[in-house]
Amino acid sequence: MFPHERVMIRRGPESGLPIIVAVHSTARGPAIGGCRLKPYPDWRDGLADALRLSAAMTDKCALAGLPHGGGKTVVVVPSDGSWSRPAALHDVGATIAELGGSYATGPDVGTGPADMAVIAERTEHVFCRPDRSGDSSPATALGTVAALRALCEHRFGSPDLSRRSFAILGLGRVGGAIARLLDGSRLIVSDLDESRRVPGAQWTSPEKCLQADVDVLVPAALGGLLTAATVATLRCSAVAGPANNQLDHDDTATLLHDRGILFVPDAVVGAGGIIHATGIELRGRTPTEALADVEAIADTAGRLLRAAAAEGVPPAVVARRTARPQESRTRSIAARERRVSRR
Ligand code: PHE
């Protein structure tokens, strides 16, 4: 079965760039998911990313208990900078307008609140404008730290983060904010951009950061970094970060589990931004209430970790089952039918 409800791909009339909007699901409510502006080797790689990322947003919304489904926008931009940002954003806005409210976007890799205001010149369906809920990264960082507290309580018997060591991979808007929130802890940090050094933290290369001997690795850059090859080299006890789609493949969760590394799925850890933005813009939450909603990620993460431990399975397995009960039911029926037909 084709898993996505709707995927739009077009050459943007203003920008000439590939504009890709993937709506994975509206079963729980209108789809939401950020707008990513990024170079890819080929537009098809951008499409593959949009398909994966939009499905991950469905899980993220479901696990956060939000009445939304998952979507994502990807604009494949030339790496030499020869493109117009306003034109690309207008094309995004016009494409989203055609979806009539079944999908709304927000900031993501390569975009921020100012870009959302440009998209809003073409559609109402955009979160995080500077005059609305604004930058979502502080909330994403806060939610990540809440998840880290739940993780440390579960794994080390105390939610006190100052006693722990962390390796933060990626110091963009979210990763940088996490580093500031963790300034009482032992930190190893890295980013491709050397100007993002953090005072008081040990700076290292991305490769060394990934393999750092720390309590928790915190991936806060691009996805796909946990593969069969990299998992074999990890020296941390746990992994929990806001980067979307950290596992290259669902089965990699089992490799982590077999190595005794506790992996908290990014769909739980990274939900702070959408909880905050939709709370303020759609549900009338005050800023204080919205931040309390974000802190509740600690409860969600704690429950997930306890349920997974009780069953002896990776938390990612429980998370997927919780987020897509329909799918796992279909899978178990299919498995039973296979068993029956083999008899
Ligand atoms: N980048 C955000 C995420 O992946 C997308 C987003 C933020 C969407 C805020 C809507 C509002 O969760």
Side-chain angles (χ1 to χ4, degrees), residues 21 29-38 53 57 60-61 64-68 70-75 85-86 88-90 92-93 96-97 101 103-147 168 170-183 191 193 196 198 220-222 241-244 266-298:
V21 178
I32 56 174
C35 171
R36 194 165 276 212
L37 257 57
K38 192 174 150 315
L53 290 163
M57 287 306 292
K60 208 191 249 191
C61 292
L66 297 175
H68 290 285
K72 207 84 180 189
T73 297
V74 167
V75 182
R85 179 174 284 267
L89 295 168
H90 284 154
V92 167
I96 292 171
Y103 164 75
T105 197
D108 204 88
V109 174
T111 59
D115 298 312
M116 300 306 111
V118 181
I119 292 175
E121 291 168 13
R122 296 288 187 277
T123 180
E124 262 300 300
H125 305 291
V126 52
F127 290 99
C128 301
R129 292 177 232 180
D131 60 340
R132 301 270 172 102
S133 65
D135 190 4
S136 60
S137 3
T140 308
L142 200 69
T144 302
V145 173
I168 306 174
L171 297 167
R173 288 199 311 271
V174 177
I178 294 171
R180 286 190 292 279
L181 290 170
L182 292 178
D183 71 349
D191 195 283
D193 181 348
R196 290 176 172 170
V198 175
L222 297 175
N244 289 305
D266 36 271
V268 172
V269 177
I274 53 167
I275 292 172
H276 181 263
T278 59
I280 289 199
E281 297 192 33
L282 301 179
R283 289 189 300 280
R285 304 292 274 165
T286 64
T288 315
E289 288 167 343
L291 292 179
D293 294 344
V294 171
E295 292 278 356
I297 288 178

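The basis for the numbers below is simple: all heavy atoms, side chains too, and nothing from hydrogens, waters or symmetry mates. Keep in mind the model is a prediction, meaning the values are calculated, not measured.
Ala139 and His276 get closest at one heavy-atom pair: CB-CB, 3.5 Å. In this structure, Thr140 and Gly270 approach most closely via the heavy-atom pair CG2-O, 3.9 Å. Taking all atoms of both residues into account, the shortest heavy-atom contact from Arg129 to Glu281 is N-OE2, 4.5 Å. In terms of heavy-atom proximity, Gly106 sits nearest to Met116 at C-SD, 3.4 Å. Of all heavy-atom pairs between Ala141 and Val174, the closest is CB-O, 3.9 Å. Here the closest non-hydrogen pair linking Ala31 and Gly70 is CB-O, 3.5 Å.
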- Is there a side chain to side chain contact (heavy atoms under 4.5 Å, CB included) between Arg132 and Val126 once you walk through the steps? CA-CA 10 Å; Arg132 301 270 172 102; Val126 52; over 6 Å; no

- Message: side chain to side chain contact (heavy atoms under 4.5 Å, CB included) for Leu282 and Phe127? Distances and angles first, verdict last.
- Response: CA-CA 10 Å; Leu282 301 179; Phe127 290 99; 3.7 Å; yes

- Item | Pair Thr278-Arg283, side chain to side chain contact (heavy atoms under 4.5 Å, CB included): steps then yes or no | CA-CA 7 Å; Thr278 59; Arg283 289 189 300 280; 3.2 Å; yes

- Take Thr73 and Arg36, measure what side chain to side chain donor-acceptor pair (under 3.5 Å) needs, and give me the verdict at the end. CA-CA 6 Å; Thr73 297; Arg36 194 165 276 212; over 6 Å; no

- Message: Please determine whether salt bridge (charged side-chain N to carboxylate O under 4.0 Å, His left out) holds for the pair Arg180 and Asp183, giving the CA-CA distance in whole Å, both sets of side-chain angles, and the decisive distance to 0.1 Å.
- Response: CA-CA 5 Å; Arg180 286 190 292 279; Asp183 71 349; over 6 Å; no

- Hey, mind stepping through Arg173 and Asp135 against side chain to side chain contact (heavy atoms under 4.5 Å, CB included) and telling me if it holds? CA-CA 9 Å; Arg173 288 199 311 271; Asp135 190 4; 3.8 Å; yes

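Here the side chains of Leu37 and Cys35 are in contact, with some heavy-atom distance below 4.5 Å. Side-chain contact check for Asn244 versus Lys60: some heavy-atom pair is nearer than 4.5 Å. Between Asp115 and Pro107, every side-chain heavy-atom pair lies at or beyond the 4.5 Å cut-off. Side-chain atoms of Leu171 and Asp193, non-hydrogen and from C-beta on, never get closer than 4.5 Å to each other. Under the 4.5 Å side-chain criterion, counting only non-hydrogen atoms from C-beta, Leu142 is in contact with Glu295.
A distance of 10.5 Å separates CD1 in Ile274 from SG in Cys128, rounded to the nearest 0.5 Å. Separation of atoms CD1 (Ile96) and NE2 (His125) is listed at 9.5 Å; rounding is to 0.5 Å. Separating the OG1 atom in Thr123 from the CD1 atom in Ile119 is a distance of 9.0 Å, to the nearest 0.5 Å.
Tyr103 places no side-chain N or O within donor-acceptor distance of the main-chain N or O of Val21, the cut-off being under 3.5 Å. Although no hydrogens or angles enter the test, the distance criterion places no donor-acceptor pair under 3.5 Å between the side chain of Thr144 and the main chain of Gly241.
Every residue two or more places apart in sequence or in another chain that forms a side-chain contact (heavy atoms from CB on, under 4.5 Å) with Asp293 is listed here: Ile275, Arg285. Annotation: side-chain hydrogen bond (donor to acceptor under 3.5 Å, both in side chains) contacts of Asp266 (sequence neighbours excluded): none.
Salt-bridge check for Asp108 with Lys38: failed, with every basic side-chain N at 4.0 Å or more from each acidic carboxylate O.
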